[in-house]
Each structure stands twice: as structure tokens, then as C-alpha cells.
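Here's the structure we're looking at; comments come further down.
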Amino acid sequence: MDVVKEIMLQVLIASLPAFLFPLTFEKRNCYWQHNKRKAEERPFAIGLTYTCFTSTLLCDIFASRLWDVIPLNYGILPLFALMLYGRFRDGVALALMQIILYPLFAVNYTLVGFIMETGLLLYPLVLLTSRYFKRTSRQGKVAILSLFFMGGEMMIGLSPFLENNMSFHSDLSALSNGFINILVTMLAGSLFVYMIESTLEKEKLRGQVLQLSREYFREAEKLQQMMDAAPLGIVLLDQQGSIISINDTFLQLYRTYREESEELRREDLLLRKLNDVLSGVPIESIASRVEQSLEGQIKMTDLIKANDHIYFTSTSPIQKSHSKEVIGAVAIVQDITELETLRMELNHVERLGLVGQMAAGITHEIRNPMAVVRGFLQLMREKSPPTLDHYYRIVMEELDRANGIINDFLSLAQNRPVESEKCHLHDIIKELTPLLWADGNLRGQTIEVKLDDALPPLLLNAKEIKQLILNLSRNAMEAMEEKGQLTLETRVAEQGALLLVSDTGPGIPPGQREKLFEPFFTTKAKGTGLGLALCLSIVERHGGKISVDSAEGQGTTFTVLFPLS
Ligand code: ADP
Ligand code: MG
């Protein structure tokens with residue numbers, strides 16, 4: 001019984017480093033990580049070194065001889081383990097310690113016993129294998145360690161025979177005990193490797209998980225930034241309809257509808273139910289559609305009109321790719337107000353274009369019979385008594401007016417590119433002033449002309465610009481009462497040449513300002529509403545811009561910008 005006890009004691013002591021290894025390793029690891037240093041080989045080596053030194057020492061202290069013959073010392077277990085797993089110098093140090101300690105504790109030893117029982121012959125081999133050992137696989141390690149343990153233990157077991165204390169024939173029971181001894185060593189050795197390897201593996205896994213989670217967070221951050229950069233409002237929901245992710249665009253949109261929530265942060269909305277968050281907001285209906293999506297409904301889109309805004313919204317379920325199980329939903333909101341107005345404007349322009357073309361065709365056909373009518377009227381007037389002259393004049397004037405409208409309309413509808421040449425805007429204005437003066441005199445209005453001498457010649461179609469100035473000036477005069485003043489002014493600005501036509505009339509009410517340039521918009525009983533439409537068309541064909549400034553009761557200024565050629 002004593003024999004079993006002693007063997008067990010040795011096994012326990014020798015396996016001490018293996019049992020303590022997970023503890024020392026983890027503790028050291030935490031410490032190193034806490035200090036923000038590299039938590040790699042050092043803590044591993046240090047933990048193992050301490051325990052192996054202690055364990056070897058204890059093995060030597062409790063060493064004995066079974067039946068006073070077979071040496072019992074498992075010290076080579078921690079010794080070889082440190083030589084293979086630890087740093088080279090630690091292994092050498094422990095080997096030296098073992099060589100020194102052995103004579104201190106061993107009982108009745110000879111030189112042969114010393115060499116055999118310390119396993120001295122194997123040391124160089126073990127140390128040399130160390131480098132290869134660290135790189136090899138787990139099975140490889142088990143094999144190498146077991147081999148060395150067995151080798152060491154066999155040398156120990158053989159020493160009594162070499163010392164001639166014992167012979168193979170004389171003591172069979174001792175021999176079989178020796179084999180049991182070797183078997184126990186091997187078991188202990190396997191346990192040793194298993195403990196160390198599984199700890200190392202666990203540690204490796206832990207490192208991998210850490211790395212993976214870091215990568216995951218980095219990816220998630222990238223995704224969030226990508227979502228934030230999108231001009232779409234995006235909300236991600238989990239299976240229960242709670243918000244799990246939200247992007248900047250959506251947050252901004254949400255803030256515009258929640259006045260008290262200027263300071264609202266993303267975190268305030270996360271994990272809340274969507275219908276809860278959106279209640280009272282114009283895009284509320286998304287919430288109910290998201291619920292349908294969570295029940296597996298496929299993608300749904302809808303247009304929502306709210307507070308002058310038009311939103312294109314789409315909701316779709318998020319599904320697992322194989323099983324199609326719904327694991328969440330995504331809602332996307334796009335503000336398409338601008339797009340929609342553009343589309344409407346384009347529609348409008350297209351319709352106008354079509355109407356214009358038709359009308360142009362008809363008016364062209366009307367012009368010819370009218371010319372004939374006018375010709376014959378002229379003839380009849382000459383042949384009629386002078387008392388009827390007055391009537392003829394009225395009829396002819398009205399005919400001329402109708403002709404004027406048709407001409408305006410035709411040039412508006414034709415929209416052909418201008419044939420422009422280099423000419424001076426001032427020359428055109430000067431040519432027109434006598435005509436305007438005469439008109440103004442009749443109405444009792446004054447006309448002022450302010451020309452900027454720095455104005456360079458421009459690429460213009462003189463005929464059309466004349467029409468433009470006349471139209472703007474006529475409008476101004478028609479708007480003013482007696483004693484009003486019409487001002488024609490030119491200026492050179494950074495963006496181009498400016499022509500300003502201002503009056504001191506009643507101004508234009510804000511509601512009418514957008515409609516001014518639409519064909520047929522007029523507030524006059526005998527107006528055609530084509531004057532400004534024609535002006536716009538002329539200016540655009542010259543590559544310029546026209547705008548209006550008006551103060552009610554004070555006057556109006558039309559500003560035309562021509563590009564400097
Ligand atoms: P029309 O002169 O035949 O009415 P226009 O296109 O030239 O058509 O002008 C459209 C409308 O714009 C006018 O009916 C008038 O109400 C307004 N308008 C244009 N110019 C002025 C101005 N200088 N002051 C006030 N109202 C103006
Ligand atoms: Mg007019």
C-alpha cells in the first residue's frame with residue numbers, strides 16, 4: 001500500500017504545473033493585458049517556469065526507492081515540459097538545478113545512477129527538439145513529450161540493473177513493477193500535455209473571438225457610416241418591430257416633425273417601437289406597413305404627401321437567406337419633393353409646347369386671310385365717303401392689334417435659336433428712346449436713361465432685344481399713372497451685363513409674381529398675357545436670365561442679365 005501512496009504522491013507533484021497552468025496563465029494574461037503590453041509568450045513562459053521549478057524541487061525532495069531498489073522520481077516530467085514549452089534559458093537553468101539537487105536528496109547513488117536517474121543523457125536532445133516542438137501540432141507534441149517521458153523513465157528504471165543491484169532473472173516482480181512505473185509516467189505525461197494544450201487552445205480561441213468581435217464592430221461602424229452617407233432615410237427593425245438602427249438622414253427628417261426634439265439623439269430612438277416613435281408624424285403610415293413586412297409581406301412602396309413635401313417610402317422584410325424566415329424589416333424614406341416639382345414643371349412645359357405648336361399652326365393660317373381682309377378694307381375705305389373713315393380706322397386698328405398678337409405668339413412658339421451678332425445694347429436703347437419719349441409724353445410720364453459706359457458690345461439679336469425693351473417699357477408705362485417715371489439703366493456686373501427697366505407704379509402682388517412669365521397671364525382687360533412670356537423666351541435664347549423685383553405701392557424693376565460674350 002505504501003508503494004501506491006508514494007507513486008500517487010509523485011504523480012501529483014509532477015503534474016502540479018499542468019494543474020496550475022490554466023490558473024497562472026489566465027492570471028498573468030489579465031495582468032499583462034491590463035498593462036496594455038503584448039500578452040503573448042512572456043506570461044506563458046513565466047507561469048510555467050515558476051511551477052515547473054517548484055514541482056521539480058518537490059519531486060526531488062520526496063524522491064524514494066520502491067522496495068529500496070527502483071528509484072521513484074517523476075521530476076523529469078516538469079523538467080522536460082519546461083525544456084520543451086518554455087524558453088531555452090529557463091530549460092537550461094532547471095536542468096542545472098536538477099543536476100545539483102539530485103546528489104542532495106538521492107539515497108545511495110553511484111555515478112551510473114546519477115547519470116541514469118537524472119536523465120542527463122536526454123537533456124541535449126530535449127533542448128534541441130524544443131524549437132521544432134513549439135511549431136508542431138498537438139498530436140505531435142503529445143508524441144514527442146510521451147516519448148521523452150518514457151525514455152527518461154526507462155533510463156531511471158534501468159539504472160538498478162546497470163548498478164548490478166538487480167538482475168532480470170532474479171527479481172521478476174520488481175521488473176513488472178518497473179513497467180507499471182513507466183506506464184504511470186506515460187499517463188501522467190499525457191495528462192500534462194492535455195492540460196497545457198487545452199489551455200493554450202482555449203486561449204487561442206479567446207483571442208480569435210476577441211479579434212472577430214473587433215472586426216464585427218469595425219464592420220458595423222462602416223455600415224453605419226455608409227447608411228449615414230446615403231441621401232435616404234433608413235430605419236432597421238428587429239423581429240418585434242423595435243428600432244435597431246437608424247441613419248442620419250432619417251433622424252434629420254424626424255427632427256423636422258418633432259419641434260421639441262431639436263436635441264434628439266440617435267440613442268433616444270433605438271430599441272423603441274416604430275409606431276410609438278412615429279405617432280403623430282406625417283409618415284406614420286410606414287409603421288403599419290412595417291408590421292405587415294414583419295409578417296412576411298414582400299416589398300411595399302407608397303407616396304406620402306405631407307406639409308408641402310412628398311416622400312417615397314418603401315418597406316421590406318429582412319429574411320434569412322436559406323430559410324426565408326423573417327428576422328426584421330427595413331423602412332426607407334426618400335424626400336422626392338424637388339424631383340416631383342421638376343417632373344411637374346417638365347410636364348407643364350411639354351404640354352405648353354404642344355399647345356404652342358398647334359396654336360402656331362392655326363395662327364399662321366389666320367394671318368393670310370387677315371392680310372386679304374385688310375387689303376380689301378383699305379380699298380373700300382378709299383371708295384367710301386369720308387364720313388365712314390372713323391369706322392374704317394377702328395376696324396383697321398383692331399385688325400392690326402390682332403396681327404400684333406399673332407406675331408408675338410408666333411415668335412414665342414417658334415422658339416428658334418437666335419441669329420445674333422456683336423452689337424451694342426446702348427445703340428438699341430438709343431434707337432428706341434424717341435419712340436418711348438413720344439409714348440411717355442402722351443401719358444404724362446417721364447423717361448430716364450442711365451447708361452454705363454463700361455458696357456462692352458454683346459452678342460445680340462437687335463430685333464428681338466428691341467422687342468424685349470419695348471415690351472418691358474410698355475408694361476411699365478401701362479402700370480403707372482400720370483407723372484410716373486420709367487428708368488432704363490445698364491450696368492456691368494460680375495455675372496454679366498445688366499439691363500434694368502424700373503417704374504414707379506403700384507408694384508406686383510406676391511401671389512402674381514410666379515405667374516408673370518406664363519403665356520396668357522394678364523390682369524389687363526385688353527391684355528394678351530404674351531408680352532412677358534415673349535421676353536422670357538427672348539432672354540433665354542440669348543443665354544441670359546430675367547428676374548423681377550417689386551415693392552407694392554413703390555414700383556417694379558425687371559432685371560435682365562446678358563452673359564458677356
Ligand atoms: P399684358 O401686358 O398683355 O397683360 P404681359 O405678359 O406683358 O401681358 O404682362 C403680364 C402681367 O404682368 C400684366 O397683366 C401685369 O399685371 C403684370 N405686369 C407686367 N409688368 C408690370 C409692371 N411693370 N408693373 C406692374 N405689373 C406688371
Ligand atoms: Mg404687356
Side-chain angles (χ1 to χ4, degrees), residues 348-349 352-353 355-356 359-360 363 397-415 428-429 432-433 435-450 463-491 498-542 544-561:
H348 189 68
V349 167
L352 268 183
V355 172
T363 38
E397 263 178 22
E398 287 303 299
L399 258 183
D400 284 345
R401 209 166 72 83
N403 222 3
I405 295 172
I406 289 172
N407 280 343
D408 274 359
F409 189 75
L410 273 180
S411 34
L412 181 68
Q414 271 165 359
N415 216 0
I428 302 174
I429 295 175
L432 283 176
T433 31
L435 198 79
L436 293 175
W437 255 320
D439 213 346
N441 265 340
L442 275 180
R443 296 170 196 263
Q445 295 163 345
T446 52
I447 290 160
E448 196 186 347
V449 180
K450 290 194 239 169
K463 212 173 131 214
E464 292 198 334
I465 297 301
K466 246 185 233 170
Q467 176 101 52
L468 169 81
I469 298 174
L470 270 183
N471 279 359
L472 291 178
S473 308
R474 285 250 160 80
N475 276 350
M477 290 193 216
E478 281 166 11
M480 293 187 291
E481 310 267 300
E482 235 178 282
K483 292 216 176 89
Q485 179 175 319
L486 165 74
T487 313
L488 289 180
E489 192 183 345
T490 57
R491 262 187 234 162
L498 295 178
L499 166 70
L500 297 100
V501 182
S502 347
D503 62 58
T504 52
I508 305 166
Q512 288 178 11
R513 277 178 216 166
E514 301 102 61
K515 297 189 208 143
L516 286 184
F517 297 96
E518 282 178 15
F520 308 114
F521 171 76
T522 179
T523 53
K524 300 168 194 165
K526 282 193 167 180
T528 60
L530 288 175
L532 284 179
L534 188 57
C535 289
L536 178 67
S537 146
I538 290 172
V539 172
E540 278 180 353
R541 267 180 284 157
H542 280 81
K545 278 185 190 134
I546 184 165
S547 59
V548 58
D549 273 315
S550 185
E552 268 184 281
Q554 291 177 22
T556 308
T557 303
F558 280 89
T559 309
V560 183
L561 171 82

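Both counts, for ligands and for their atoms, begin at 1 and track the order of listing. Because the structure is predicted, anything quoted here is derived from the model rather than measured.
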* Which atoms of ligand 1 are found less than 4.0 Å from any heavy atom of Ala479? -> 22 (C), 24 (N), 25 (C)
* Atoms in ligand 1 with a heavy atom of Ala476 nearer than 4.0 Å -> 23 (N)
* Structure fact -> In short, Ser473 meets Ile469 closest at the heavy-atom pair OG-O, 2.6 Å
* Asked: Below 4.0 Å from any atom of ligand 1, is there a heavy atom belonging to Gly529?
  -> yes
* Touching ligand 1 at all, Asn471? Heavy atoms, strictly under 4.0 Å? -> no
* Which residue and non-hydrogen atom of the protein lie closest to atom 14 (O) of ligand 1, and at what distance in Å? -> Thr523 N, 2.8 Å
* Asked: Should Glu398 and Arg401 be marked as a side-chain contact (heavy atoms from CB on, under 4.5 Å) after you check the CA-CA gap, both sets of side-chain angles, and the distance that decides it?
  -> CA-CA 5 Å; Glu398 287 303 299; Arg401 209 166 72 83; 3.7 Å; yes
* Asked: For ligand 1, which atoms have a heavy atom of Leu516 less than 4.0 angstrom away?
  -> 12 (O), 17 (C)
* To do: Starting from atom 26 (N) of ligand 1, locate the nearest protein heavy atom and write down its residue, its atom name and how far away it is, to 0.1 Å.
  => Ile508 CG1, 3.5 Å
* When you look at Lys450 and Arg491, which way does the side-chain contact (heavy atoms from CB on, under 4.5 Å) test go after all the steps? -> CA-CA 9 Å; Lys450 290 194 239 169; Arg491 262 187 234 162; over 6 Å; no
* Asked: Is Val501 close to Leu486 at the side-chain level, that is, under 4.5 Å between some pair of heavy atoms?
  -> yes
* Quick one: which ligand 1 atoms are inside 4.0 Å of a heavy atom on Gly531? -> 5 (P), 6 (O), 7 (O)
* **Nearest option to atom 23 (N) of ligand 1, as decided by whichever heavy atom of Val501, Asp503, Asn475 sits closest** => Asp503
* Asked: Of the non-hydrogen atoms in Ile447 and Gly440, which two are nearest, and what is the gap between them?
  -> CD1-CA, 4.2 Å
* **pair Glu478-Arg443: side-chain heavy atoms closer than 4.5 Å** => yes
* **Backbone of Ile508 reached by a side-chain donor or acceptor of Ser550 within 3.5 Å** => yes
* Asked: Mind checking whether the Mg ion (ligand 2) has an N, O or S of Asn475 under 2.8 Å?
  -> yes
* Asked: Polar-atom distance check: Gly527 versus ligand 1, any N or O pair below 3.5 Å?
  -> no
* May I ask you to test the Leu432-Leu488 pair for a side-chain heavy-atom distance under 4.5 Å? => no
* Asked: With a 4.0 Å heavy-atom cut-off (strictly under), which part of Thr528 contacts ligand 1: side chain, backbone, both or neither?
  -> both
* **ligand 1 versus Leu532: contacting region, heavy-atom distance under 4.0 Å** => both
* Start with the C-alpha gap between Leu468 and Leu534, add the side-chain angles, then the distance that decides, and say whether side-chain contact (heavy atoms from CB on, under 4.5 Å) holds. => CA-CA 8 Å; Leu468 169 81; Leu534 188 57; over 6 Å; no
* Asked: So which heavy atom in the protein is nearest atom 10 (C) of ligand 1, and how far is it from that ligand atom?
  -> Phe521 O, 3.3 Å
* Is a side-chain N or O of Asp549 found less than 3.5 angstrom from the main chain of Thr557, in a donor-acceptor match? -> no
* Structure fact -> closest protein heavy atom to atom 2 (O) of ligand 1 is Lys524 NZ, 2.7 Å
* Asked: So is there a nitrogen or oxygen of Thr522 less than 3.5 Å from a nitrogen or oxygen in ligand 1?
  -> yes
* Asked: Has Phe558 got any heavy atom lying under 4.0 angstrom from an atom of ligand 1?
  -> yes
* What heavy-atom pair brings Glu464 and Arg541 nearest, and what distance separates the two atoms? -> OE2-NH1, 2.9 Å
